[in-house]
2 protein chains.
Amino acid sequence: MVPYDRCFRTLANPLRIRIIELLKKRPMAVGELSKQLNAERSKVSHALKKLKECNFVESERRGKYNIYSLTKSVLNDVKVKGNIFDVIKTHVEKYCKNKRRCRV
Amino acid sequence: MVPYDRCFRTLANPLRIRIIELLKKRPMAVGELSKQLNAERSKVSHALKKLKECNFVESERRGKYNIYSLTKSVLNDVKVKGNIFDVIKTHVEKYCKNKRRCRV
DNA sequence: ATAATATGTGAAAATAATTTCACATATGGT
DNA sequence: ACCATATGTGAAATTATTTTCACATATTAT
């Protein structure tokens, strides 16, 4: 009945929104995100985990780095729509609208 | 820098989303909302307060009832866009995008 | 004026989310 | 092999949110 509050909850956090904003520019490793955001590394790690669980971001190992990027669909939406809210709308509709809530 | 997490936070709650969904149909008094949602009355009251603080809803005294409705702009968006996310997007952009966060 | 109904609200109690920190693992360089 | 760097993770400590409940106020009816 109310499937999308989890997606909103993931976005109800300044750090996580700032991560999305940063990743709009380009993929980044955790350490760099941490530096740019001036936030403790493990805090960023935890934040990324939640964003990943909600399919906002994905990660790829490159050597000792884990490079995070917006998921393909989110990234595509960013290109087409430019605006974080359009992106989120589409995303939430895609992943969070069915009974099973945000897929994990 | 990150002005909209508060709007998301208000939506990061199943009851509050359900209230918005209900009010899409028509304005309602607190008691009726409470009954329809099968939720405790004061819980609904608290939820409505937050929705009001973020300009999602407004209320009007009618006798001993307090009739809540979606704010004019949200309601209008509902008519035009039909979809809760479009509505929220527009709303958030209108009220939550500037430095001062969601106006109270 | 009294009683019943509708609602709001503060604050304590209960829950949930975030932050922090110590530790685990993995990779790359020497 | 050893060390440094990069990252993940569980869990305790901290902080925030939600729930509940008792009480306050307002309106209407009798």
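Below, chains carry the letters A, B, ... as their sequence lines are ordered, and counting in each starts from 1.
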Any [X] side-chain N or O less than 4.0 Å from OP1/OP2 of [N]:
X       : N      : value
B:Tyr65 : C:dG8  : no
A:Lys50 : C:dT18 : yes
B:Tyr68 : C:dG8  : yes

Separation of [X] atom [atom1] from [N] atom [atom2], in whole Å?
X       : N      : atom1 : atom2 : value
B:Leu48 : C:dT9  : CG    : C1'   : 13 Å
B:Asn13 : C:dA17 : CG    : P     : 11 Å
A:Glu32 : D:dT5  : CD    : C1'   : 15 Å
A:Arg9  : D:dA16 : CZ    : P     : 17 Å

Enumerate all atom pairs, one protein N or O and one N or O from nucleotides 22-30 of chain D, separated by less than 3.5 Å.
none

- Message: Students often get this wrong, so: under 4.0 angstrom with heavy atoms, is B:Ala29 touching a base, only sugar-phosphate, or nothing?
- Response: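 Sugar-phosphate: the residue B:Ala29, judged by heavy atoms under 4.0 Å, touches backbone atoms but no base.
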- Run the salt-bridge test on B:Glu21 and B:Lys24 with the 4.0 Å N-O cut-off and return the result as yes or no.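 Salt bridge present between B:Glu21 and B:Lys24.
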- Taking N and O atoms by type only, does the side chain of B:His46 place a donor or acceptor under 3.5 Å from a partner on the base of D:dT20?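 Looking at the base of D:dT20, it does pair with a donor or acceptor on the side chain of B:His46 (distance under 3.5 Å).
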- Item | side chain to side chain contact (heavy atoms under 4.5 Å, CB included) partner of B:Ile19, the single match among B:Leu37, B:Leu70, B:Asn13 |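 Exactly one option meets the side chain to side chain contact (heavy atoms under 4.5 Å, CB included) with B:Ile19, and it is B:Leu37.
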- With no hydrogens and no angle check, is any side-chain donor or acceptor of B:Arg41 less than 3.5 Å from a backbone partner on B:Leu33?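 Such a contact is absent between B:Arg41 side chain and B:Leu33 backbone.
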- Message: To check you understand the geometry: which heavy-atom pair defines the closest contact between B:Tyr68 and B:Leu23, and what is its length?
- Response: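 Nearest heavy atoms, B:Tyr68 then B:Leu23: O-CD2, 3.5 Å.
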- Not counting sequence neighbours, which residues clear salt bridge (charged side-chain N to carboxylate O under 4.0 Å, His left out) with B:Arg61? List them please.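 So B:Arg61 forms no salt bridge (charged side-chain N to carboxylate O under 4.0 Å, His left out) with any residue.
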